[in-house]
Amino acid sequence: MTDFQRDILIGMMFIVGILGFISGEFIVSTLMFATAAVFSNIVLSRKLHTYQK
């Protein structure tokens, strides 16, 4: 998966989370925000470990 595809995936999860929050689907929005945050942190930590080596 390229960086662009990861950015698109994280952005889509964030947008779905916002739309879920607006529509009152709080469980869905919470899951989407959490998934986007975890996925984003995994990507960042992999990049940091790669550059440190």
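Here, residue 1 is the first one in the sequence, and each next residue gets the next number. Side chains included, hydrogens not; waters and symmetry mates left out as well; all remaining heavy atoms used.
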Rounded to the nearest 0.5 Å, how far apart are [atom1] of [X] and [atom2] of [Y]?
X	Y	atom1	atom2	answer
L31	F26	CG	CZ	13.5 Å
I10	I15	CD1	CD1	12.0 Å
I18	M13	CD1	CE	13.0 Å

Count the heavy atoms belonging to other residues, nucleotides or ligands that lie under 6.0 Å from CZ of F21, then report whether that count exceeds 12.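 Atom CZ in F21 is not packed in, count stays at 12 or less.
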Quick check: closest heavy atoms across A36 and F14, and the distance to 0.1 Å?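 Result for this residue pair: CB-N, 4.5 Å.
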Begin from the C-alpha positions of M12 and I8 and carry the test side chain to side chain contact (heavy atoms under 4.5 Å, CB included) through to its verdict. CA-CA 6 Å; M12 290 299 292; I8 295 293; 4.2 Å; yes
